[in-house]
Structure formats: C-alpha cells, structure tokens
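See below for the structure under consideration.
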Amino acid sequence: MAQRLYPDDRQSNPDQLTFRQFVLEARALYSDMVGAVDEDEDHELKFLKFVLAGRRGLDIEDQEHVSLNTLQGLPPLGRINITRDYDSLMGITSDLPYKVALGIWPVPPFKETLSQNSHIAAPAFNPAGQRVFVPMHTIPNVPFGKAASRHVVRLFFPRMHARQATNVVPSTDLASIYDRVLRPIMLGLMPNQAGHWPVTYDAAVALYRDRHGHIRPGSLDVPSHLLPALAREFLDRVSTLRPYFRDAYFGHELRGWKGATVHDPIDEDDRQEGLADLTNILNMDLVNRQLWNVDVALEFGVPHHVVTWRADAHERVIRWILPDTQNLDRVTNSKLFYRDNAMHLQDIAGFRWAPSPRQGHDVKYIQAYTTEKAVSYQHHHGLFSPRSPEELLYKPRHQKLLQALDEQSEILQACAGGPANEQQDGCARLEIRVPLSRAEEVLLEPLQIAETTVVKIPSREWWYFKWYRLAAVYRVLDNMSKAPGKDRAWDSSLALGALMIWILNGAYRAPWGNFCALAQEAAPHLLDDPEFDAGDDPDAPTHPLMYEGGMYFLCDVERDQASHSFRIAYGKQFTADAITRVYKMGSLAEIRLHLGVAQIERGRREVHASRTQNRTAHTTTSVEILRDADRELPTIDNRLDQMMIVQRGRMQGRDIEYFHQQGGGNRQPINDAPDGEHVLATEVRKILEQFYYDMLAESPNRRHAQEGAWTNIPPALRECLAVEDLYAQLHFPFSHCQYTLCTPEQWVQQFDRFFPSEVVIRPGQNFKKARYYKRYTILIGNLTVQDKQRLQQTLKNKFDTLAWVPRAASDRMWNTKKETGGRWHHLPSDEECQGPQIAVNPNVKRRRLWPPMLRDAPPLEEGEEVEVEVEVVNGDGELGVDDLAEAE
C-alpha cells in the first residue's frame, strides 16, 4: 500500500495489537501521563494520539501506527451458559382478556402512546376506506389502562390513520371519550365507585396536574369479571361518537418478562412453564395465538467475561434462524439492516433487521446485542443519556458534561472489578419476534450457533478499554472547557469536539448516523488502489479508513502551540455542512456566535420602501456600505485607547509547519489567513454608529400595510438622519408616540437591554436582526472580564448623553401597545392612542431639553429618488448565482 502525506500517512503494515495489548499500552501511557511532573503535555498528547488516532510518538515524520484485531488472542469459548426466555408479548383484540384487575387512566399518560416501531403490522383504513395493514405505531392510539403494573393496554383508531399525519389523538376527542363514553359506562358498571371517577375530563386533568403543569396520571381499577362488559359496551359506544372512531380495537403490550421466564432451551417442560408464566394474567381462550407476537430470546454467558457478537457472523445467525433466506450479502448490505458496532470496534457488532413477510416466514424482527449495555441503558434522561455537541457551546452545560464523565468513569472502574466488588459480566443476547403460536418451537439447539458467532472477552479488559477511551474524551473536552472561544472556533477544533461526543455516545450505544460525514472527513484517507503512487496524482481516488484499523481512529490529534488547545491535524479541512449538521446549527457563523467569536458578516443592502423593513428575516443593513468611507464616527472617551482585539489568531504547531513544507490532507493554503487585529475603540465607534441606524431601521409600522410607518422620516432620508443627533434632542421623529421619563434605575435597565454584559443566546424581537447587536455580542465574547467592564463603562457614558431611546422590553426593542399609566404621556397630547413607546433619559431636565415634542417631517425634495444598490453575498462571502437571481 502506497503511503500518503500526513495526516493521511497511514502505514501499509501498522503494528497489529490484540484487545489486551491495546488496553495494556493505553494503561502504560495513562500512568506516564498522570505520574509525570505537572502532568507533562507531551505525555498527555502521546496518550491521546495512541487512544484516539492509533499513533505512537510525537514526531510527524517518525511515528508508528497501530491497528486493533479484537478477535486475535482471545481465549477459547469453552464452557458457556445458555438460557432462553420470553420477553414482550403484543397483540390486538376487541375485548379485554385479563384474569386480573385492569387499572384505567381517566387522563392517559401520553408517554405510553405507542410511537416507536414495534415491527408489527396492524389493520387500518386508507383514504379510500379500504382495509390495509400498516406499521402499528403509525395508527393513532391512546393509552387506556394497565395490568399487573407494567403491562399497557392501548386503544387504536384505525380510521384516523388516513385522516391525520400523526398518531396522537386530539385532546378534544379524549374529553368526549371520557365524558360521553367511559365515565357513563363506569357509573353503570360500578355505581358505588362513582365518586372516584372525576366528573369531567377537564376536572380529571386539573386533578392530575401538579404545580409545575405536569400531568401525574392516576388509574382506577376495574375487576376482571367486569372487563368483558366494559370492552363490549365501550367499543359499541365509542363507534357512534365519531365516524372515525368506528372499528376501534385494543392493543396489548406485556413487557419486561425476560427475568421471570428464564428457562433451559433444550427442556420442553421448562419452555412450557416459562410461557405459562408469561401468559398467566391472560384468558387464553380469548387470545388468537397467531395474531399475538412474542419476543423469544437466547443469552450466552461466561463468568468473568463479556460475551459478545462477532461482526463477521451476522449472516450465520440469520441463516440459522431462517435457513431458506437467499442472497444474504444483499440483506446485510441493505438499508433495512442495521449493524451496531460496539464501542466503534470493527470486529464486534450486533445487528437489527426486520425481514419482509416473504423473507421472515413469521419472523417479524431479529436483533443481536450485548447485555453489558444494562449498565447505561436508561428510559429517562439521566447520567448516560446521549450527548450532543451543542453542549460544548454553553459553558454551564459543558461543565455538567465533564461532571457526568467523572461519574461515568467511577461506574466503569467499578464494573472492571476490584477489592470491593465483582466484575460486571455481559451476555450476548439474540431476540426474535414471532407469533405466539410458534413461541415453543424457535431458537432451539443454540450450541450449534454459539461456537461460531460469539466470543468472550475478559470483563476487566472490556471495561478498561471503554474507560481509557472515555479518559481520552474527557482530556480533550476538559482542555476545550478552559480554552477561550477564539481558540475553539477553527473547523478542526469544532470537528474534534463533535467527534469526542460521537465516541462518547458510541461507548454505550450504536453510533449515530448523522455523524458519519464528519467522521469520514476526520479519518485518514487511503488510496483506493494500494499500488498507486500518491506522488504521481495527489487527487487519486481515496476512501476513509473508518473501521478498517480495527476501531475508529482520527487522522491525528495535535496541541496548538499558541493556544495549547487540542484540535485535529491541520491538514484536514472540514465542510461546513458536516459540522453544522452535528451541532444542529444553520451555519458556522452561528456556531461561532455561541462561542463569542463569530465573524462579522456583510449583509445585503436593503431597498428602502414606504414602510420600515422590520419584518424581514435579514440582518439590518450595514452603515459601512451606506455611507462614505471617510465619514466621521461617533466619539467616545479615551478609556479604550491603545487596546486591540484579535478575533481568531493563527494556529501554530508542527503539523502546520509540515503542511506548509510538504502539503498533505485536503486543506487549501488560502484558509490559513488569520483574522488579524482590530483597534477596539474603532470597533466600538462603528458599533455605536450602527446602533443609531438600527434603532430607526427597526422602528415599528402601523397595523395595516397601507398605513405606512409610525416614523415621519421619508425612506429616502432615514439613512442620513439615523445618526446620534436624532437621539440627542427631545424631538421625536414620529407622527404619534408615547413617552415616559425614566427613573435612574429604569434608564440603567434600558442600557442593559441594548448592551447586555453577557452574550444572550436567544435575543428578543428586533435585537436578533440588529447588526449592531450581533457585532457587540461578537466583541464582548473576545474580551476579558476587566476589558469588558471598561467597554461597558464607555458605552454607558455614551448612552447617558442620549435624550431618548426606544423603550425596550425584555423580549423586544420596540413596543406600540397603548399605555395609560400615570408616568406615560402621549403626543399629540390631545390624542391618546397606541404608538412607539419612548424611554426618556432622566437627566434631560437638568440639560434643559424639556419638554418633549414631535419632530416635523423633513421635506423630500421633488424628484429625489432612492438609490438602490444591492450587494449580494452568500454564506462564504462570495457572490452566488442564486443570490444574484434573487437580487434581480
């Protein structure tokens, strides 16, 4: 295999390690790192390079690569414990076939609505009124009751399937069902219990709602001997309530029985007893075994080991379950087959597959996984819940993530065993969903399949492998939490943070597919043709390494020599789409805004219209493209003199030196240009200039479009009149307005709303479109606490020179609601009506500016026209074809 340039310099014959050897080497590097004086940075980087990138050493031109062969060197399977059990049981009926009381919910707990794919088809009706079979979870349904605490009964409305796009039953229908069907039936069946049933559905909601607005549903028991009458009368009455309620039926889910039904798979009596335990609460005379489906499972375990599935054995498992299946290679490569790599390992993976009726022969679903996930499997939002890269953009959430990793590491260490506790073992589990009629005849003679499909890994090695991967993730994320936002805004840093989240999530569950594009870009890229000489054609076809190294490896991790923050090797450049998709943001600029270092964008110059363009989704026009370059900027005090601000400095490191000397990767040299330094005072003066413009640009319009704006400044003059002097006099440029003389405290509050001391993630109406506000937010994200205080004082001094500003609320810059309180006054004084609300500086009387008055509308000379100049830029700052077309 030809070797490419760094960071795609994956060696053709890397040192192949066994699972145990990888864990031991990671342990040695970790020990060197924590044992070094002041935790030497080189030792930390060596540990990260090995665990995350499969590299030994620091010298770019003298590194060794490693690969992992998880199956090599494992102990023989030997004696293995095999058990069989029955788990969930699901079916549909027109009755309630229970031998125990049923607890009915007056207000259904909506979390129990069947919303996830159960891989079972159920009857519904299409728009033509024809009966069809569709995935059960797509049919509108509502939780009806519970049996034996864990088993759910749902009510399905098959005629609503064609009527609405969701499976949620509207609350108005739920109220009708309770008020006109359920409660009257229960009063007839159990008259002495009438006082227990809330008088109306609304009363039930009020009863079960807590002080935080959450529903805490309660249930009322109905004895088993009344259930046949309840079911019959309920379905009869509900079918007459609404046309789309006809043909309703009950769906049943008995779940969580795997532990209670464990039995010997080769003992027929055991199999029968286990099934009897599962169905003991059901009246089996009312159950059609062919229409009910049950999960039958096998578990393979060895003490002190984690038994798991070989990734290359999936076809053998399917062949054992479905001997007549053809074209297995097409099955395992189809979009309906999901391979779940454990901990991003190549050789260890479970799978999920829902065969078609033709393929399955009554087998509805197959899944193979490892029960070690029980350590981290949670139905609720908790310690092991999936994480998102968004958390890295908010310091409090970032810190909570690090705390969670600390707690997880303690649990993983406990799972590895020690003096105080035993090792946590894991079993390979195989589940299939089949009709209840076949429950006793499937998954027999499991030894035939175990020997060639599962492997055992010592529990201690399994958990420490996971622990060292998470230790590397923690080191990177902890480093990022201490770095300024400007050092984390590079694509290589954003990509590294996101992929740490992906590796973290992959330690506990199947890797998420939306990270794949980014993971592929960050992996080493190998030549498609191993014999090809990379030097002849740097654009030769390549593919990402991904799992071919035995596990997922990054191309490399480097520590920037200027900022000391970690990032992916410089030679890799990432597409904006791959990064924004995993951060769930619209653009890189939006991500960087959350970090406080977004680049200032040049927007499109808006065409003036008769109304103020404050409804547009675009940012306000930049005054820098409206006015002359040699214009006079607003003045400020000398508090900020000699201060400079650097938005994003130049990255530094050996990988960058290598790139400029040798090339490699996919980065273009032009992207190395730093943002450079800016004079802080100049930037503040430009922000103030923009502030004066934006306040008028966002001023409100009258209610109806034909009535125009509240301001009496013609559109053609707003550009030149929206300057500091407009706000320094108590002459309001409106046809009508309302004003209040602020107290000193209220004036400070107004300042804080226009110039908050901290970044506001979701700014209010008008503010989020104001260009000055975005520039100001970017600016404070680049300042130290002390410099930010100096900036705030300079702006406050300038703010105090103004006579008036819009009376900003917590959620918007401008208000027009009519106010009649004692501190409010209207202009004209004889017309009390709605209009722009104005906040007046409390010092205006001392400055002899009182009283306020309306400003005369400035004349527009005859023949004067609005000059329209459109500058179109796309997100990359380049003119785009679509943008030009839109402008035209």
Side-chain angles (χ1 to χ4, degrees), residues 89-97 102 104-105 107-145 152-185 201 227-253 286-293 335-336 354-365 433-437:
L89 177 64
M90 301 184 71
I92 61 175
T93 63
S94 58
D95 44 41
L96 296 169
L102 182 67
I104 296 179
W105 290 300
V107 178
F110 298 105
K111 67 178 183 179
E112 295 291 357
T113 302
L114 183 63
S115 56
Q116 294 197 357
N117 193 353
S118 62
H119 307 285
I120 294 175
F125 292 87
N126 63 19
Q130 300 169 321
R131 192 166 182 262
V132 293
F133 282 82
V134 299
M136 194 173 185
H137 71 289
T138 64
I139 302 172
N141 66 94
V142 60
F144 184 76
V152 181
V153 180
R154 301 180 178 95
L155 185 62
F156 287 80
F157 298 102
R159 290 191 179 273
M160 291 182 72
H161 179 261
R163 187 174 180 270
Q164 61 185 49
T166 70
N167 66 349
V168 177
V169 179
S171 59
T172 52
D173 285 338
L174 295 179
S176 297
I177 291 171
Y178 178 83
D179 295 342
R180 298 170 58 184
V181 179
L182 180 58
R183 187 173 185 273
I185 291 175
Y201 181 78
L227 294 180
L230 170 62
R232 181 172 56 254
E233 192 170 353
F234 183 90
L235 293 182
D236 285 345
R237 287 200 187 188
V238 83
S239 65
T240 62
L241 190 62
R242 300 277 192 274
Y244 48 81
F245 285 168
R246 289 187 292 117
D247 300 301
Y249 53 81
F250 296 107
H252 310 269
E253 183 180 7
L286 301 178
V287 171
N288 185 332
R289 292 172 177 258
Q290 187 60 35
L291 297 181
W292 283 57
N293 292 277
K335 293 182 179 179
L336 300 177
S356 66
R358 179 180 56 82
Q359 294 170 317
H361 304 290
D362 286 338
V363 176
K364 309 295 175 61
Y365 188 59
R433 185 162 294 167
V434 294
L436 183 58
S437 59

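- Counting heavy atoms from C-beta on, the side chains of Phe125 and Met160 never come closer than 4.5 Å.
- Annotation for Val169 and Asn141: closest pair CG2-O, 3.9 Å, computed over non-hydrogen atoms.
- When all heavy atoms are compared, the tightest approach of Pro140 to Thr166 is CG-O, 3.7 Å.
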- Output, in order, the C-alpha distance, side-chain angles, deciding distance and verdict of side-chain contact (heavy atoms from CB on, under 4.5 Å) for Thr93 and Leu286. CA-CA 8 Å; Thr93 63; Leu286 301 178; over 6 Å; no

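- Taken to the nearest 0.5 Å, the OG atom of Ser356 stands 12.0 Å off from the NZ atom of Lys364.
- The line from CG of Leu89 to CG of Leu436 is 5.5 Å long, rounded to the nearest 0.5 Å.
- The salt bridge (Lys or Arg N to Asp or Glu O under 4.0 Å) pairs that include a residue from residues 240-253 are Arg154-Glu253, Arg159-Asp247, Asp173-Arg242, Glu253-Arg255, where partners are two or more places apart or lie in different chains.
- Interatomic distance, CZ of Phe157 versus OG of Ser239, reported as 10.5 Å (0.5 Å rounding).
- Pro97 places a side-chain heavy atom less than 4.5 Å from the side chain of His252.
- At a threshold of 4.5 Å between non-hydrogen side-chain atoms, the residues Asn167 and Thr113 count as touching.
- Sorted pairs that involve residues 128-139 and meet salt bridge (Lys or Arg N to Asp or Glu O under 4.0 Å), not counting sequence neighbours, are lacking altogether.
- Side-chain contact check for Leu291 versus Pro435: every heavy-atom pair is 4.5 Å or farther apart.
- In this structure the side chain of Arg433 reaches within 4.5 angstrom of the side chain of Ser118, judged on heavy atoms.
- In this structure, Leu102 CG and Leu227 CG are separated by 5.5 Å, a value rounded to the nearest 0.5 Å.
- When every heavy atom of Val134 is checked against every heavy atom of Ala124, the shortest pair comes out as CG2-CB, 3.7 Å.
- Within the 3.5 Å criterion, the main-chain N or O of Phe234 finds no donor-acceptor partner in the side chain of Asp236.
- Looking only at side-chain heavy atoms (C-beta outward), Leu241 and Arg180 come within less than 4.5 Å of each other.
- Closest of all the heavy-atom pairs between Tyr201 and Leu174 is OH-CD1, 3.7 Å.
- When side chains are defined from C-beta on, Ile120 counts as touching Asn293, because their heavy atoms get closer than 4.5 Å.
- His161 contributes atom NE2, which lies 12.5 Å from atom CE of Met136 (distance to the nearest 0.5 angstrom).
- Judged by distance alone, with hydrogens and angles left aside, the side-chain atoms of Gln164 form a donor-acceptor pair with the main-chain N or O of Val168 at under 3.5 Å.
- Scanning both residues, Tyr249 and Pro123, for their nearest heavy atoms gives OH-O, 2.8 Å.
- When side chains are defined from C-beta on, Leu96 counts as touching Leu230, because their heavy atoms get closer than 4.5 Å.
- Aromatic rings from Phe144 and Phe250 are positioned such that their centres are separated by under 6.0 Å.
- Between Ile177 atom CD1 and Arg237 atom CZ the span is 13.5 Å, to the nearest 0.5 Å.
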- Give the C-alpha distance, both sets of side-chain angles, the deciding distance and a yes or no for side-chain contact (heavy atoms from CB on, under 4.5 Å) between Gln290 and Ser437. CA-CA 6 Å; Gln290 187 60 35; Ser437 59; 2.9 Å; yes

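- The two residues Pro109 and Pro143 come nearest to each other via the heavy atoms O-CG, 3.2 Å.
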